[in-house]
Amino acid sequence: MGKLLLLFWLLSVEPFEIEEEITNTPEFLERIRRLEENPININNARKDELLLVPYLDSYLVDRIIKYREKHPFLKKEELLLIEGITPYLFDRIKKFFVVEDKKQKRHKDSEFLLRFERKISSPQSKVYNKVILPYKGIFLNALFEKDWKEEKPSKYYAFSIYIPEKLIIGNYDLDLGMGIIMGKPDFFYRGGSIPGEKGFSPHLSTYKENYLRGITCEWKNLIFFSSYNKIETLGKEKLLGLSYKTSTIRVTGSFSEAEKNGKNILTSFYMVKDLGGNIFRLELGTGGGDFPKLKKNLSYSMGIDNGRGLKAIYVNIKDSLPTIRNSPFQKDKEVFYLSYTRNISPIFSIGLFSEFSRNISNFEPFNKIGEIHLSFTPIKNLTLENRIKAKIGQKNYRLDAIYKINEINLKTRFEALNGKEGSGFLTYLILRHSKNFIFEGGLILYEIANWESRIYEYENDLPGKFTIKQLYGSGKRLYFLLGEKLLPFKIHLKWGIDFKEEISHELGIAFLI
């Protein structure tokens with residue numbers, strides 16, 4: 001056993017980019033970009049606003065709120081006094097915060113967004129409308145979307161009445177425990193903070209399969225939730241549940257009935273405990289229509305964070321386990337994650353990560369992934385990031401150079417991969433200005449053997465959207481993004497051009513109040 005742990009330690013790594021694991025939920029990436037451009041005041045932000053910050057869960061947010069009630073933050077570095085926030089974690093989250101007086105006027109909570117996109121080469125368009133209106137502590141939220149190939153402009157919509165930390169009527173997301181039964185996959189990413197609950201929030205995402213529609217409310221230590229919805233994967237579904245929380249445990253039980261998977265009882269037990277500076281998390285979850293199935297489907301995850309850069313998570317999820325929407329964990333998987341991150345000096349940090357995974361059903365040999373990430377700031381404003389990733393049959397190398405000065409951000413990347421499915425490379429140069437106005441231009445060149453060896457390219461886009469391109473073959477891409485404030489609107493324009501077998505264009509415009 002000691003040799004096995006030593007092997008995990010030597011292979012372990014930390015991930016480096018949040019977006020690496022969430023290609024299905026680009027709205028999360030957009031949320032990160034919006035937080036970077038509009039950081040929140042750590043002294044007066046609501047709990048639900050703090051929970052939008054990646055890497056933070058309710059456990060750490062409660063500690064931040066408790067600290068500021070006694071000692072309002074005078075500088076961001078005071079976050080390091082919060083138990084569980086390491087220097088490496090602080091480096092990740094500090095860009096999302098500003099420190100202002102507690103009585104400082106809050107940024108406006110209202111939002112009105114209209115977005116329209118058009119493909120020049122085909123008669124297809126995409127429409128996205130979002131409205132957030134506050135009134136005396138109550139928020140009215142609405143979203144209407146038309147996807148590229150849909151004909152009806154309101155086939156997908158979301159609406160909710162929201163009182164922060166108290167009540168939601170309408171479409172909402174639910175994230176309790178570590179996510180075995182009730183989780184949001186856009187908040188779990190390899191090597192990030194060990195996942196923990198974020199509670200409930202309005203659903204304002206175009207991700208159509210991961211929301212509830214009904215009523216949820218919180219009173220003292222109880223969360224009540226109900227839903228009646230029709231979704232593609234389950235058909236018509238009824239759901240009723242209750243969750244009870246103390247300082248260290250949460251117990252959740254619910255009953256669901258759906259056309260495609262019948263009646264099921266769903267239950268979970270979640271515990272988070274501080275053991276001498278080590279944060280330990282455990283969740284047991286199961287579901288089924290009768291006791292034998294509840295026993296058969298018992299699944300669990302556990303994790304520990306020693307507060308000094310070492311994190312470990314073990315997950316064992318049964319394939320037949322019914323869940324509420326999508327868990328951050330894959331079913332029929334046994335997975336062990338181990339990561340270690342450390343700031344060696346003010347200008348140099350290292351991250352190590354390893355993952356061992358296999359299917360539970362046939363207990364096949366473990367798939368192994370190992371990564372190493374180095375971040376070096378040789379001179380002021382210039383950061384070099386190097387990633388090496390290896391798994392069975394494939395190796396990946398990435399080098400980023402990022403130069404930031406005032407409102408100018410210049411980033412260049414070279415990425416190469418070599419594996420049994422094929423080989424290839426991608427390189428790009430992106431220039432961004434984002435103070436009084438926004439301008440971004442990007443040039444991407446790539447040559448990749450085939451679809452199986454594709455490389456993902458991530459780029460900023462119109463508000464409410466983040467583009468994830470899956471590149472293969474030989475080609476290049478050029479795009480321009482412009483945002484300017486014309487009272488009372490902020491107008492954003494995007495033009496993208498792909499040069500491959502043929503040239504294709506995409507145009508987009510968005511109005512934001």
Side-chain angles (χ1 to χ4, degrees), residues 46-48 50-51 56-66 84 160 162-170 172-184 187-188 194-203 210-229 237-257 263-275 279-291 293-295 297-303 315 317 321-329:
R46 299 187 307 265
K47 181 177 179 178
D48 59 300
L50 292 172
L51 286 171
L56 295 185
D57 61 9
S58 62
Y59 187 74
L60 289 174
V61 165
D62 286 342
R63 285 181 167 183
I64 290 172
I65 293 174
K66 187 176 180 180
S160 65
Y162 175 44
I163 303 176
E165 301 176 52
K166 293 182 180 179
L167 171 73
I168 297 179
I169 301 174
Y172 65 94
D173 298 319
L174 191 64
D175 184 20
L176 301 177
M178 293 178 76
I180 291 180
I181 301 293
M182 301 156 199
K184 292 168 63 178
F187 283 112
F188 179 76
I194 295 173
E197 64 180 52
K198 289 179 176 282
F200 57 76
S201 58
H203 180 80
N210 201 47
Y211 68 90
L212 302 174
R213 177 175 288 164
I215 299 175
T216 180
C217 60
E218 185 170 357
W219 179 71
K220 294 185 178 180
N221 295 331
L222 294 173
I223 291 179
F224 166 81
F225 54 95
S226 64
S227 175
Y228 180 76
N229 200 7
E237 179 205 49
K238 301 174 185 177
L239 175 71
L240 191 65
L242 187 66
S243 184
Y244 174 75
K245 182 181 180 180
T246 69
S247 59
T248 58
I249 66 170
R250 177 178 289 282
V251 180
T252 303
S254 62
F255 174 79
S256 71
E257 181 179 358
K263 299 178 180 180
N264 285 291
I265 296 172
L266 305 169
T267 182
S268 73
F269 170 85
Y270 172 62
M271 178 179 72
V272 55
K273 183 75 174 176
D274 189 336
L275 303 173
I279 300 176
F280 174 73
R281 302 176 193 268
L282 168 70
E283 183 175 12
L284 305 175
T286 188
D290 51 40
F291 181 76
K293 289 183 179 179
L294 291 173
K295 184 177 178 181
N297 293 334
L298 181 64
S299 302
Y300 54 95
S301 63
M302 62 182 72
V315 181
I317 309 294
L321 174 71
T323 61
I324 297 178
R325 308 301 177 264
N326 293 328
S327 166
F329 306 113

For residues 265-275, pull every pair meeting salt bridge (charged side-chain N to carboxylate O under 4.0 Å, His left out), keeping only residues two or more places apart or in separate chains.
-> Arg63-Asp274

Look at the side chain of [X] and the backbone N and O of [Y], then say whether any donor-acceptor pair between them is shorter than 3.5 Å.
X	Y	answer
Asn297	Gly287	yes
Thr267	Thr252	yes
Thr286	Leu294	yes
Lys198	Asp175	no
Asp57	Leu60	yes
Glu283	Gly179	yes
Ser58	Glu197	yes
Ser254	Leu240	no

Let me see the working for Val251 and Thr246 under side-chain contact (heavy atoms from CB on, under 4.5 Å), right down to the final yes or no.
-> CA-CA 9 Å; Val251 180; Thr246 69; over 6 Å; no

Nearest atoms (heavy-atom pairs only) where [X] meets [Y]:
X	Y	answer
Ser256	Leu239	CB-CD1, 3.8 Å
Gly196	Tyr270	CA-OH, 3.8 Å
Met178	Gly303	CE-N, 4.3 Å
Gly170	Tyr172	O-CD2, 3.4 Å
Ser268	Ile181	CB-CG1, 4.0 Å
Tyr300	Ile317	O-CD1, 4.3 Å

As an exercise, state the distance from [atom1] of [X] to [atom2] of [Y], rounded to the nearest 0.5 Å.
X	Y	atom1	atom2	value
Phe225	Ile168	CZ	CD1	13.0 Å
Ser201	Tyr162	OG	OH	7.0 Å
Ile180	Leu298	CD1	CG	8.5 Å
Arg281	Met302	CZ	CE	14.0 Å
Asp173	Thr216	CG	OG1	11.0 Å
Ser301	Leu282	OG	CG	7.0 Å

Using a cut-off of 6.0 Å, state whether more than 12 heavy atoms not belonging to Lys47 lie near its atom NZ.
-> yes

Evaluate whether atom CZ of Phe255 has more than 12 neighbouring non-hydrogen atoms of other residues, nucleotides or ligands under 6.0 angstrom away.
-> yes

Candidate list Val272, Asn221, Ile223, test side chain to side chain contact (heavy atoms under 4.5 Å, CB included), partner Arg250, passing option | Ile223

Output, in order, the C-alpha distance, side-chain angles, deciding distance and verdict of side-chain contact (heavy atoms from CB on, under 4.5 Å) for Phe200 and Asp48.
-> CA-CA 9 Å; Phe200 57 76; Asp48 59 300; over 6 Å; no

Check the pair Leu284 / Met271 against side-chain contact (heavy atoms from CB on, under 4.5 Å), numbers first and verdict last.
-> CA-CA 9 Å; Leu284 305 175; Met271 178 179 72; over 6 Å; no

